[in-house]
Amino acid sequence: MITDSDLNPRQREAVTSTEGPLLVIAGAGSGKTRTLVHRVAHLVQKGVMPESILLLTFTRRAAEEMIERASRLGDQRCRFVAGGTFHSFAYKVLRQYSKEIGFQNGFTVIDRGDTEDIIGSIISEVKERFKGVRLPKKSTIAEIISKANNLCKPIYHILRDFFPHFLDLNDLIEAVKESYEGYKVTHQIMDYDDLLIRFLALLKDRFDIKSNLSQCYRYIMVDEYQDTNKIQAQIIVYLGQDHRNVMVVGDDSQAIYAFRGANYKNMFEFKNYFPDAKVIKLEENYRSTQHILNFTNAIMEKAVNTYTKCLFTQRKGGILPRLVDTLTELGQAIFVADCIERLLKMGIPPDEIAVLFRAAYHSFELEAELTRRKIPYVKYGGFKFLESAHIKDILGFFRAYLNPEDPMALSRVLMMHKQIGPSRLKKILAWLKEGKRSLSEIGGYSEGKGKAEAIRTELGRLGELFKDLESLNLDPKKAVLRVLDYYTPILTERFDDYPRRQREIEELVPMAERYPDLASFLADLVLDPPNGNLVQEEGIRSVTLSTIHSAKGLEWSYVFIIWVAEGRFPSFRAYKDPEELEEERRLLYVAATRAKEDLILTYPSEDARELNIYGQSYSSGTETLSSFLLGLSEGVVERVRFKKGLPFKIYHPDGERQGPFGEGVHQEKRISSQVEEKGSFEGLLEDPGLKKGDKVRHQAFGVGVVSKGPMDDKVEVLFAQYGKKLLHLKYTRLERL
DNA sequence: CATCACGCTGTTTTT
DNA sequence: CAGCGTGATG
């Protein structure tokens, strides 16, 4: 039974406002999920057909969990609510109408890795024309193309705004993009971006299909709206045009996917499309202590472009959030592991403890430490099941079989055999094509009289495999077993750590069992990978921030945030532009708002300083952190870095030779060789107008400044300052170990 | 022709 | 640390 008493007045309003457009700005921990769940249950109880409710969320699991909870509120019919991610919903619709959009035999979905492979092969074709030019990595090109698609902007704009150092290559990248788009069409494949773009196009161009869909889905709810991109927002507009029963929920302060084209401004623009939208703010927090909220409110206070929210709670007491200088990165790992050990000894359940990071590899040191102490942990983020070579190998067989139009998959399959490299691969592919041969005939390939005998038997076996797949008639479980049978010897031969990999590929068998056919199994693996971001099972939580939505459970009693000194990539660290800074501010905010009871931030000041001494003056993650928290730290200019754009000089020797921003070490070498020759270098960079000895404030962007004197003292002083104003962060110092 | 060893380079995060 | 290009080796 629905108990409305579980809800506060604002939440109740959101639940009962079922007709017409609705924008809910839900602060962190404000009972957003609870509200959505109740709303689903409320709609169904009111007599709305569950099938006509569409719940779009960030991961399929989030949708499933909500639907499950709604069913438990009383009405089992809630299980029929349609839900999933934008991408999987788009896939379903496109599949249904694939003939209408020119994909006669359907299509297969490829992931980012496949995209990169295709781009790699396109590049190798055009490479000769660009001898001597340093080309971007294929992953960078893929990123540029995807960004252009997601932001609906021409390549030129993307380069200008995000990759100015590649502006010269505009024509090349345009050409690659064109060729890539063509490739996908001829080979009947779509990438993540295509799913959204083509879905939107379908809604735009086909009035009949659009109204069909709005007939079908009368109530639309979108979760995490701040992380949708322009295309997704448009999709919602079209889907909701007829009935206007559209509810979007989000929190602009928690937008963390700008890097992939998400635009939190959608939150503000919703009212442009639906001017009569009701706006409801949820600001009461049910998660954290007031101390923690003071801290998170303070982080957001300096943010620009936000719906102002001030989170509050009725909870009293609790302990102050702490900032811990652990000196070194190793110290960080040891410190956190110490704390965790203590908490576990106190009887705290491991799933109430989480460690959050900005990047997956930041947890390596901690992982080693936890393993050493035999403390089990769950890790979200980083390398994925799906992306590991052995899984991709297996999928390659299916993809090759399901879509003979797609030579990348077959190439992968062929290349994993001994004695088959790029050039022989080409020959085999050409041979298949010229005779219009099917995959099961591949065993007939020969290079003539006695040559490459071994290859012939190999290919014979491969042909058998494809023949068998055919006769298994797409039964996913049998197909997986058959492929495993073929692949296992290759696996053991190719990888030293095959036991682990073998275990992993065997996990595919029970997964496959749940699907009616191979195609849907394959699509789901790409679009909604089971445990997509989960790397390891049981134990304390170790979570990369960008995967926070897919981590099971979104809040923990004890949260550690490890903020690493990012000094390894000097040329990129020093200049955080304002946008980037806002993004990082939001990351810190998202992390901090997860804590229920206790929040501990750690940073390694000494590692940061060492980097500053040895390298040029580059700012580190630590500086970014202190800029967020302090924003007002004072220092004396020791060195100054320059921004690209205006003339500047570098002198030799050993003077103030600076690594210029933009092209990293690469350009620095070029410059220093010029300095070597002429004694100085003149180039186009910007002079920030500072010189050694100037008194400045630490700034979070613009100028990277190395402060004189022990950083620790400053941090301590400044935190005291900050404490007076806003909150009382304790500065604890860990003894050197 | 495939494969291996070496050196060089470099943001990261994901549907 | 991993991905890439290069040049030597079998």
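Convention: sequence-line order gives letters A, B, ...; per-chain numbering from 1.
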**Report entry** Separation of atom CZ in Arg198(A) from atom P in dT15(B), rounded to whole Å
**Finding:** 23 Å
Query - Any donor-acceptor pair under 3.5 Å from Asn150(A) side chain to Ser146(A) backbone - result: yes
Requested in this report: For Lys426(A), answer base if it contacts any base atom (sugar-phosphate contacts may also be present), sugar-phosphate if it contacts only those atoms, and nothing otherwise; contact means non-hydrogen atoms under 4.0 Å.
Outcome: nothing
Query raised in the report: Is Lys418(A) touching bases, backbone alone, or none of the nucleic acid, heavy atoms closer than 4.0 Å?
Result: sugar-phosphate
Report task. Please state how far atom CD1 in Ile123(A) lies from atom C1' in dG3(C), giving the value in whole angstrom units. Result -> 13 Å
Query raised in the report: Short question: side chain of Thr593(A), backbone of Tyr589(A) - any donor-acceptor pair under 3.5 Å?
Result: yes
Report task. Would you state whether a donor and an acceptor, one from the side chain of Arg358(A) and one from the base of dT13(B), lie under 3.5 Å apart? Result -> no
Requested in this report: Give a yes/no on whether any side-chain N or O of Lys137(A) is located under 4.0 angstrom from OP1 or OP2 of dT9(B).
Outcome: no
Requested in this report: Please check if the side chain of Gln226(A) supplies one atom and the backbone of Asp251(A) the other of a donor-acceptor pair under 3.5 Å.
Outcome: yes
Query raised in the report: Between atom CD in Glu224(A) and atom P in dT14(B), what is the gap in whole Å?
Result: 16 Å
Report task. Determine whether the side chains of Tyr225(A) and Asn266(A) contain a donor N or O and an acceptor N or O closer than 3.5 Å. Result -> no
Report task. Please state how far atom CZ in Phe89(A) lies from atom P in dT15(B), giving the value in whole angstrom units. Result -> 20 Å
